[in-house]
Number of protein chains: 2
Amino acid sequence: MATIRDVAKVAGVSVATVSRVLNETGYVHENTRKRVLEAIEQLDYSPNEVARSLFKGESRWIGLLLPDITNPFFPQLARGVEDELQKHGFHLIFGNSDENAEKELHYINTFMQNHVMGIIMATNQLGKTDYRGFPIPMVFLDRTPDGNPSVYADGVEGGRIAAREIIRRGSKRVTLLKGPEHIRPAQDRFRGALEELSNSNVDFYVMNTHSFSFQDATQWAAELFAKYADTDGIIASNDVVATAILHEALRLGKRIPDELQIIGFDDIPQSGLLFPPLSTIRQPAYDMGKEAARLLLKLIKKEKIDQRNVLMPVTFVERFTTRKVDARG
Amino acid sequence: MATIRDVAKVAGVSVATVSRVLNETGYVHENTRKRVLEAIEQLDYSPNEVARSLFKGESRWIGLLLPDITNPFFPQLARGVEDELQKHGFHLIFGNSDENAEKELHYINTFMQNHVMGIIMATNQLGKTDYRGFPIPMVFLDRTPDGNPSVYADGVEGGRIAAREIIRRGSKRVTLLKGPEHIRPAQDRFRGALEELSNSNVDFYVMNTHSFSFQDATQWAAELFAKYADTDGIIASNDVVATAILHEALRLGKRIPDELQIIGFDDIPQSGLLFPPLSTIRQPAYDMGKEAARLLLKLIKKEKIDQRNVLMPVTFVERFTTRKVDARG
DNA sequence: TTGAAAGCGTTACCAT
DNA sequence: ATGGTAACGCTTTCAA
């Protein structure tokens with residue numbers, strides 16, 4: 001690996017001059033500039049970012065902390081973050097926290113030791129640790145109780161839409177799954193749907209569920225259909241749960257969507273690949289990632305922020321687990 | 001951020017001594033050690049990895065370059081890599097190459113500039129760039145033409161198993177999809193299946209297909225069923241393609257698996273969530289990630305390597321797009 | 001057992 | 001327009 005000194009020697013100039021052409025700062029004669037550029041070419045030199053970072057006290061690294069990249073919602077998000085950072089010459093250091101407060105702290109720590117310029121994190125441990133007054137910018141992929149910068153999807157509205165659409169398409173005995181207590185988006189969705197359902201004239205049944213796992217959901221689904229056999233519409237707390245319910249319904253021979261409608265949440269990539277393809281409330285995961293990266297970059301560059309908490313819109317994706325309805329509703 | 005100098009000052013010793021207790025190198029009196037530790041505690045000091053890395057000319061970073069984290073096979077792999085690295089105190093710098101040689105080079109470059117100690121990459125551009133004699137260890141997630149270290153799944157055997165199982169379960173008119181020419185695992189699978197099919201007494205039809213995309217596959221599926229309506233077994237080139245075929249078959253009202261059997265490849269997470277759940281040849285993605293990380297770490301530490309090219313076993317995952325057969329076959 | 005100082009590869013300041 | 005050099009925070013000789 002050639003260093004700036006090697007380049008200086010070959011070009012017959014001082015390291016200061018090389019640095020100047022590298023960074024395009026200060027004066028340097030066109031001829032010397034050429035010589036330096038040639039030397040760089042010849043030696044296949046590229047500057048050592050570590051040294052740069054040490055001197056400047058800054059870097060081009062961003063830490064991204066996700067609960068689990070294996071969870072289908074997150075890859076899109078990560079991709080959005082990476083694409084945006086990449087455009088601005090920043091790089092990602094990545095970790096999985098498994099929703100574990102200890103791991104989370106550990107990663108934040110190593111991020112700091114590695115001079116990252118900012119951190120983007122999704123967590124449900126919010127409130128357990130106080131991140132106000134943190135020495136570097138952080139963006140949360142979720143609302144934060146303390147008003148930290150964040151980007152999040154409009155779960156409440158999502159819940160409302162889900163309820164509205166399932167009612168509008170004719171379900172009369174709706175089942176609403178509550179979702180994990182400690183996961184904020186789940187509770188938002190629940191509240192939104194509950195609100196809309198309460199104001200409607202359909203019967204509905206709330207089922208308490210505590211996880212997002214496929215296994216668990218399969219079991220509730222069985223219980224649900226045993227207990228409430230004539231339900232004709234289910235609002236699931238996310239797409240994975242919706243998938244489990246769909247399976248169980250199919251297994252019981254229910255006709256979807258004629259006999260039973262199902263709406264999920266998230267619009268993870270596989271939802272469109274199910275049979276029948278799942279109708280769901282879409283969170284724009286990729287764009288959320290991009291937005292988070294943008295916000296963080298602004299924070300880092302201390303640009304003016306007009307919106308520290310950006311709310312992303314949510315949309316109904318009509319596929320085939322809900323009935324068609326004519327344009328006028 | 002406190003520095004080693006601050007600690008030295010508070011503890012009333014030199015930075016050299018602090019460094020010694022930090023690294024547990026050289027002699028240091030128990031009493032001074034205590035004082036230093038207290039100072040560290042008091043200042044909440046942790047060493048600057050960037051400075052460390054600059055001095056040592058080494059780091060705890062590993063670059064991971066994947067085609068696209070959004071592609072369902074890769075998150076598991078990434079997770080395997082991260083878990084293993086994490087255990088050994090290494091961190092991941094991550095990028096998506098999109099199978100684009102230019103991007104690939106760009107990332108490799110930034111990885112190098114950032115002093116990563118090694119690189120793990122999955123690519124189908126192999127051979128376009130010569131990575132022999134590269135200054136840091138690289139592990140490829142695929143076989144490499146030039147014998148670079150690698151970990152890969154046994155595609156040929158996978159193809160054989162797929163063909164064997166579909167024949168054993170009674171398909172008489174098998175369709176084999178070829179998959180993209182330039183993707184090595186796809187060709188391995190194809191060759192394996194072709195071999196087994198050739199040695200069998202079933203009729204078979206090879207369909208040339210050029211991508212792994214869901215959209216494209218949906219189209220071929222339509223063509224396929226039009227052209228070869230009585231095929232009763234399809235070996236797809238991966239699970240995404242298998243899913244598209246499954247859909248099309250369901251749409252045409254075919255009974256699965258009685259009338260038509262389908263086998264995929266990969267065992268991506270959603271394959272078990274399809275309806276009916278997809279039978280497939282499983283690549284152990286998570287373990288492949290772990291194995292790649294282990295191999296790389298060994299390379300970095302210059303430990304003895306008994307196997308520079310590790311072949312991972314592939315298994316048949318029996319679900320419900322293939323027929324049951326009694327234990328004796 | 002401890003400290004002083006050089007050096008890792010940069011950048012930026014101050015001279016010239 | 002160019003060069004010398006201190007400094008970033010650490011580790012590691014070398015001397016004491």
Side-chain angles (χ1 to χ4, degrees), chain A residues 1-37 39-40 43-61 89 109-117 135-136, chain B residues 1-37 39-40 43-61 89 109-117 135-136:
Chain A
M1 293 275 98
T3 76
I4 197 172
R5 250 183 281 273
D6 301 325
V7 176
K9 200 173 296 172
V10 169
V13 298
S14 76
V15 293
T17 301
V18 178
S19 176
R20 273 191 284 264
V21 347
L22 242 30
N23 298 288
E24 310 193 359
T25 73
Y27 299 102
V28 35
H29 191 91
E30 188 50 31
N31 289 343
T32 43
R33 215 180 74 86
K34 277 226 182 72
R35 286 219 311 286
V36 170
L37 258 15
I40 289 176
L43 294 172
D44 192 21
Y45 164 80
S46 60
N48 181 332
E49 290 293 338
V50 177
R52 245 183 200 179
S53 162
L54 175 61
F55 179 83
K56 296 235 208 171
E58 57 179 59
S59 71
R60 318 238 36 157
W61 296 308
N109 215 355
T110 78
F111 286 165
M112 297 299 297
Q113 288 183 249
N114 289 284
H115 266 199
V116 301
M117 293 304 281
I136 58 168
Chain B
M1 293 277 97
T3 76
I4 198 172
R5 251 184 282 273
D6 301 326
V7 176
K9 201 174 296 174
V10 169
V13 297
S14 76
V15 294
T17 302
V18 178
S19 175
R20 275 191 282 263
V21 348
L22 242 31
N23 298 289
E24 311 191 359
T25 73
Y27 297 103
V28 36
H29 191 91
E30 188 50 30
N31 289 344
T32 43
R33 215 180 73 87
K34 276 224 181 73
R35 287 220 309 288
V36 170
L37 258 16
I40 288 176
L43 294 172
D44 192 20
Y45 166 81
S46 61
N48 182 332
E49 289 293 339
V50 177
R52 239 181 207 186
S53 161
L54 175 60
F55 179 84
K56 296 238 212 167
E58 58 179 60
S59 71
R60 319 238 33 157
W61 296 309
N109 214 356
T110 78
F111 286 165
M112 296 300 297
Q113 289 183 248
N114 288 284
H115 266 198
V116 301
M117 294 303 282
I136 58 169

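Numbered from 1 within each chain, the chains take letters A, B, ... in sequence-line order. All values below come from the heavy atoms of this structure, side chains included, with hydrogens, waters and symmetry mates left out.
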Checklist entry - Which atoms form the tightest heavy-atom contact between A:A11 and A:V36, and what is the distance? => result CB-CA, 3.9 Å
Checklist entry - Which heavy atom in A:S19 sits nearest to a heavy atom in A:I4, and how many Å separate them? => result N-CD1, 3.9 Å
Item to check | Atom pair CE (B:M112) and CD (A:E49), whose distance is rounded to the nearest 0.5 Å | outcome: 13.0 Å
Checklist outcome for this item: Interatomic distance, OG@A:S53 vs CD@B:Q113, rounded to 0.5 Å, equals 12.5 Å
Item to check | Nucleotide C:dT1, atom C1' - distance to CZ of B:R35 in whole Å | outcome: 12 Å
Item to check | Any B:T32 side-chain nitrogen or oxygen under 4.0 Å from OP1 or OP2 of C:dT2 | outcome: yes
Checklist entry - Roughly how far apart are B:E58 CD and B:I136 CD1, rounded to 0.5 Å? => result 12.5 Å
Checklist outcome for this item: 5' to 3', nucleotides 4-14 of chain C under a 4.0 Å protein heavy-atom cut-off (B base, S sugar-phosphate only, - none) gives B--BBBBBBB-
Checklist entry - To the nearest Å, how far apart are B:E24 CD and D:dT11 P? => result 12 Å
Next on the checklist: Five pairs per end, C1' atoms only: what is the angle between the end axes of the helix from C:dT1-D:dA16 to C:dT16-D:dA1, to 10 degrees?
Outcome noted: 50°
Checklist outcome for this item: Whole-Å distance, B:E58 CD to D:dT11 P, equals 11 Å
Checklist entry - Out of curiosity, B:R52 CZ to A:N114 CG, how far, rounded to the nearest 0.5 Å? => result 10.5 Å
Item to check | Any donor-acceptor N/O pair, B:R60 side chain to B:G89 backbone, under 3.5 Å | outcome: yes
Checklist entry - At under 4.0 Å, does any side-chain N or O of A:T17 touch on OP1 or OP2 of D:dT2? => result no
Next on the checklist: Does B:V50 reach a base, just sugar-phosphate, or nothing at all? Heavy atoms under 4.0 Å.
Outcome noted: nothing
Item to check | Side-chain (B:N48) to main-chain (B:V50) donor-acceptor, under 3.5 angstrom | outcome: yes
